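Numbered from 1 within each chain, the chains take letters A, B, ... in sequence-line order. What you are looking at is a predicted structure, and each value in this text was computed from that prediction instead of being measured.
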Amino acid sequence: MKQLRAIRGMNDLLPEQSPAWQYVEATLSELFGRYGYSEIRTPTLEATQLFSRAVGEATDIVEKEMYTFEDKSGDSVTLRPEGTAGTVRAAIQSNLLIQPQRLWYFGPMFRYERPQKGRLRQFHQFGVEVFGIEGPDIDAEILIMTARLWRQLGISEQVTLQLNSLGNSDSRAAYRDALVVYLSERRELLDEDSQRRLERNPLRILDSKNAQTQELLADAPCLLDFLDEESAAHFTQLRALLDAAGVKYEINSKLVRGLDYYGKTVFEWVTDSLGAQGTVCAGGRYDGLVEQMGGKSTPAVGFGLGAERLVLMLETLNVLPESLVQQVDAYLVAVGDVQSAALAAAEQLRDDLPWLRLQAHCGGGSFKSQMKKADKSGADYALIIGEDEAANGQITVKYLRSDQQQQTLALTELAALLQG
RNA sequence: GUGGCCGUAGCUCAGUCGGUAGAGCACAGGAUUGUGGCUCCUGAGGUCGCGGGUUCGAUCCCCGUCGGCCACCCCA
């Protein structure tokens, strides 16, 4: 029979990797908690319409990257490609928007793309969405919060903030027209992809990686010159707040996003330590989305943060805490016919020392092989129960990582010894 | 969807100018009776991704296919 494999682009998280993920998840959820954000968990599967309406009919995500199929009743459903749409839907549905909400989430997202470094078909995102606050102070807060996150993880030197404002929909439309006029006159100089984008999604030409296209864009109209008054003021205030908070940023007037719902503030935290997929965290303001989705008009800001990319970065930069390697503190070695005594001793220890991560050997084997496993486990102590110990209600403690002399003592005294 | 590189032991890789394969690490056992790490010895482990073609004979050459990686694209 042919070997069954995981579906392309959908990776297993193996035991060796899970400590890093647990660390990241714990760090982030604690951080969000410290800023007063509440966790929300929404379904992985949603009505297809949710995404085509929220993300945008003409986006690549909706056009060719969604996992869409019919369920048994014939309804079109989609594995979520991003987290904002579902969060907005849930907030409207459960009347959360009668007051401001600061929310965060974590979970798998699905996009049918060709896998490469930092890009999978099932990937995981942390996200933050804030509803009901229109001022730039909240934009600043989420950026300050992410800046703290980088510091906490030890990667703030490797990550830079790119900032832009897309303006309101009118000013964006005016800019798009100007850009199309400028580029249409130079159409033959554009690369193939950008020529295609000229009709479908001209703003996306701005972040083309093609060198010649970028050269052409140097003299193109600038998005920031087209900003409406309110957006411009919002942007100016945001910059002042970031300056005051000591958050560094670069203005990148060519920064646009691939999802249609963004307006005003947009940003990306980028790094060059991840290869081509350099964006770890990105988001912006989407003041029109809630109303567009059938809720009452509600301003909103948020971002998504790629978990695989973040973990990859921490591994690459070697900034994961040393302590993650050690998974157990003690390893119980049981030789001879002592199974019940060993299991009872292990339970006793788990009662007395809740912090102790104790792995009890099972499956027999020679003394020597059990000691080898004790060593490999990374434990600090080998706790030994042989027939002598079992007969006398004793246990032997051997220190695997220090020169301290091993000792045999009454089982009842062990907790006190390890505690000290 | 497009392109480049790559598929040999659990892992990292070598190798055969075409005669069915090896190293290091890891794993298992041993080096005097209940003591790991270092060292030494021994062992197990591979339909050389899969299918076809050329050939007396293919892991090696050719074609196809599947898979992986990286980049474009896209985006977190």
Side-chain angles (χ1 to χ4, degrees), chain A residues 2-9 11 14 16 55 59-66 80-84 106-128 146 191-194 196-197 201 204-205 207-210 255-259 262 267-271 274-284 302-313 331 333-336 338 361 365-390 396-403 405-406 408:
Chain A
K2 202 174 165 191
Q3 171 101 44
L4 253 25
R5 307 188 91 262
I7 291 172
R8 185 148 142 95
N11 287 182
L14 298 174
E16 193 190 6
V55 176
T59 60
D60 284 290
I61 293 179
V62 171
E63 255 183 14
K64 48 194 188 196
E65 295 178 359
M66 296 205 302
R80 63 178 179 198
E82 58 95 57
T84 300
F106 171 71
M109 309 292 165
F110 302 82
R111 268 128 76 168
Y112 189 85
E113 300 180 275
R114 197 82 170 256
Q116 71 183 68
K117 187 171 189 166
R119 191 172 81 182
L120 292 168
R121 288 181 176 180
Q122 176 179 332
F123 60 102
H124 297 76
Q125 262 188 7
F126 291 92
V128 158
T146 45
D191 60 276
E192 214 179 298
D193 285 318
S194 294
R196 184 171 44 81
R197 284 184 287 223
N201 203 345
R204 302 250 44 190
I205 297 174
D207 60 9
S208 166
K209 283 182 186 169
N210 185 284
L255 176 66
V256 289
R257 319 263 37 252
L259 295 81
Y262 287 112
F267 61 86
E268 276 186 26
W269 287 95
V270 296
T271 177
L274 282 179
Q277 309 300 322
T279 305
V280 237
C281 172
F303 64 78
L305 192 161
E308 279 82 2
R309 290 182 187 180
L310 182 57
V311 171
L312 195 59
M313 226 182 136
Y331 192 96
V333 169
V335 265
V338 297
H361 183 85
S366 70
F367 203 112
K368 194 188 185 75
S369 70
Q370 291 194 35
M371 284 304 293
K372 277 191 184 179
K373 291 199 169 87
D375 184 46
K376 292 259 163 57
S377 76
D380 292 323
Y381 319 105
L383 305 178
I384 303 166
I385 293 185
E387 290 181 345
D388 291 349
E389 285 91 346
T396 296
V397 184
K398 168 146 181 158
Y399 299 87
L400 297 172
R401 316 290 159 204
S402 76
D403 294 332
Q405 191 66 36
Q406 77 174 46
T408 300

Engineer: Taking any heavy-atom pair under 4.0 Å as a contact, classify A:Arg257: base, sugar-phosphate, or nothing.
Structural biologist: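 Counting heavy atoms under 4.0 Å across all strands, the contact made by A:Arg257 is with sugar-phosphate only.
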Engineer: Given B:C69, B:A76, B:U2, identify the nucleotide with an atom nearest to the side chain of A:Leu259.
Structural biologist: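 From the listed options, B:A76 comes nearest.
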Engineer: Select from A:Ala6 and A:Ser366 the residue whose nearest nucleotide in RNA chain B is closer to the 5' end of that strand.
Structural biologist: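 Result of the comparison: A:Ser366.
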Engineer: May I ask you to say what A:Val335 touches in the nucleic acid, namely base, sugar-phosphate or nothing, with a heavy-atom cut-off under 4.0 Å?
Structural biologist: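 It contacts nothing in the nucleic acid.
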Engineer: Quick one: label A:Lys398 by what it contacts on the DNA or RNA (base, sugar-phosphate, nothing), any heavy atom closer than 4.0 Å.
Structural biologist: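 Base contact.
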Engineer: Under 6.0 Å between ring centres: does that hold for A:Tyr331 and A:Tyr381?
Structural biologist: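 Centroid separation for A:Tyr331 and A:Tyr381: 6.0 Å or greater.
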Engineer: Rounded to the nearest Å, what distance is computed from the CD1 atom of residue A:Ile61 to the P atom of nucleotide B:C74?
Structural biologist: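 To the nearest whole Å, that distance equals 11 Å.
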Engineer: With sugar-phosphate meaning primed atoms plus P, OP1 and OP2, does A:Glu65 contact a base, only sugar-phosphate, or nothing at under 4.0 Å between heavy atoms?
Structural biologist: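 Sugar-phosphate, no base atom in range.
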Engineer: Using whole Å, what does the distance between atom P of nucleotide B:C70 and atom CG of A:Leu312 come to?
Structural biologist: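 Those two atoms, CG and P, are 9 Å apart.
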Engineer: Which nucleotide in the list B:C74, B:U35, B:C70 gets nearest to the side chain of A:Glu113?
Structural biologist: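 That would be B:C74.
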Engineer: Counting only side-chain heavy atoms from C-beta out, which of B:C72, B:G36, B:A76 sits nearest to A:Lys372?
Structural biologist: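 Nearest nucleotide to the side chain: B:G36.
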Engineer: Is A:Arg197 touching bases, backbone alone, or none of the nucleic acid, heavy atoms closer than 4.0 Å?
Structural biologist: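 The residue A:Arg197 makes sugar-phosphate contact but no base contact.
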Engineer: Ignoring the backbone of A:Ile384, work out which of B:A76, B:A71, B:G34 is nearest its side chain.
Structural biologist: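 Between B:A76, B:A71, B:G34, the one nearest the side chain of A:Ile384 would be B:G34.
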Engineer: May I have the distance from A:Gln370 (atom CD) to B:G37 (atom P), rounded to whole angstrom?
Structural biologist: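 It is 15 Å, rounded to the nearest whole Å.
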Engineer: Contact class for A:Ala282 vs. all strands (heavy atom < 4.0 Å): base, sugar-phosphate, or nothing?
Structural biologist: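 The residue A:Ala282 makes sugar-phosphate contact but no base contact.
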Engineer: Suppose you measure atom C1' in B:G46 against the same atom in B:A26; what distance do you get, rounded to whole Å?
Structural biologist: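 To the nearest whole Å, 16 Å.
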Engineer: For the pair made of CD in A:Gln277 and P in B:A71, what is the distance, rounded to whole Å?
Structural biologist: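 Distance check: A:Gln277 CD to B:A71 P gives 7 Å.
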Engineer: How many Å lie between NZ on A:Lys368 and C1' on B:G29, as a whole number?
Structural biologist: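 Value for this atom pair: 10 Å.
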Engineer: Can you identify which nucleotide, out of B:G29, B:A28, B:C72, has its nearest atom closest to the A:Asp193 side chain?
Structural biologist: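 For A:Asp193, the side-chain atoms sit closest to B:C72.
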Engineer: Look through every strand shown and name the nucleotide pairing with B:U35 as Watson-Crick or G-U wobble, where both distances are under 3.5 Å.
Structural biologist: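 Pair assignment: B:U35 / none.
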Engineer: So what's B:A9 paired with, Watson-Crick or G-U wobble, going by both distances under 3.5 Å?
Structural biologist: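 Paired with no nucleotide.
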Engineer: I'd like to know if A:Asp193 and A:Arg196 make a salt bridge, using a cut-off of under 4.0 Å between side-chain N and carboxylate O.
Structural biologist: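 Yes, this pair counts.
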Engineer: For A:Arg8, which contact category applies under a 4.0 Å heavy-atom criterion: base, sugar-phosphate, or nothing?
Structural biologist: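 Answer is sugar-phosphate: A:Arg8 comes under 4.0 Å of backbone atoms only.
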Engineer: Closest approach to the side chain of A:Arg119, judged atom by atom: which nucleotide of B:C27, B:G29, B:C72 is it?
Structural biologist: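 Between B:C27, B:G29, B:C72, the one nearest the side chain of A:Arg119 would be B:C72.
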Engineer: Using a heavy-atom cut-off of 4.0 Å across all strands, would you classify A:Lys64 as base, sugar-phosphate, or nothing?
Structural biologist: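 A:Lys64: no heavy atom of the nucleic acid under 4.0 Å.
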Engineer: What is the distance, rounded to the nearest whole Å, between atom OH of A:Tyr399 and atom C1' of B:G37?
Structural biologist: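 That distance rounds to 18 Å.
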Engineer: Where the side chain of A:Gln125 is concerned, which of B:C73, B:A76, B:C74 is the nearest nucleotide?
Structural biologist: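 Out of B:C73, B:A76, B:C74, the nucleotide with an atom closest to A:Gln125's side chain is B:A76.
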Engineer: From the options B:G68, B:U35, B:C72, select the nucleotide whose nearest atom is closest to the side chain of A:Gln406.
Structural biologist: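 So the nucleotide nearest the side chain must be B:U35.
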Engineer: Expressed as a whole number of Å, how far does the P atom of B:G29 sit from that of B:U33?
Structural biologist: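 Each nucleotide's P atom is 15 Å from the other's.
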Engineer: Applying a 4.0 Å non-hydrogen cut-off, can you work out what A:Gly283 is touching in the nucleic acid: base, sugar-phosphate, or nothing?
Structural biologist: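 Touches nothing.
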Engineer: Going by purine N1 to pyrimidine N3 plus the second Watson-Crick contact, or the G-U wobble pair, all under 3.5 Å, which nucleotide sits opposite B:G3?
Structural biologist: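 Partner of B:G3: B:C70.
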Engineer: Ion pair present between A:Arg257 and A:Glu268, side-chain N to carboxylate O less than 4.0 angstrom?
Structural biologist: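 Salt bridge flag = yes for A:Glu268 with A:Arg257.
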Engineer: May I ask you to check whether A:Thr396 and A:Gln406 show a side-chain donor-acceptor distance below 3.5 Å?
Structural biologist: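 No, no side-chain donor-acceptor contact under 3.5 Å.
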Engineer: Starting from P on B:C74, measure out to CE on A:Met66 and report it in whole angstrom.
Structural biologist: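 The answer, rounded to whole Å, is 17 Å.
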Engineer: Across all strands, who's sitting opposite B:C40 as a Watson-Crick or G-U wobble pair, both distances under 3.5 Å?
Structural biologist: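 Base-paired to B:G30.
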Engineer: What is the base-pairing partner of B:A21, counting Watson-Crick and G-U wobble geometry with both distances under 3.5 Å?
Structural biologist: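 Check on B:A21: unpaired, no WC or wobble geometry under 3.5 Å.
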Engineer: Watson-Crick or G-U wobble partner for B:U59, using a 3.5 Å limit on both distances?
Structural biologist: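 Looking at the geometry, B:U59 pairs with no nucleotide.
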Engineer: I want to confirm an ordering. Mapping A:Gly118 and A:Thr396 to their closest nucleotides on RNA chain B, which one lands closer to the 5' end?
Structural biologist: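 The answer here is A:Thr396.
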Engineer: A:Glu16 near the nucleic acid: base, sugar-phosphate alone, or nothing, with a heavy-atom cut-off under 4.0 Å?
Structural biologist: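 No contact.
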Engineer: Can you measure A:Lys117 atom NZ to B:C69 atom C1' for me and round it to whole angstrom units?
Structural biologist: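 Interatomic distance, NZ of A:Lys117 to C1' of B:C69: 10 Å.
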Engineer: Could you tell me whether the side chain of A:Asp375 has a donor or acceptor atom within less than 3.5 Å of a complementary atom in the base of B:G36?
Structural biologist: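 A donor-acceptor contact between them is present.
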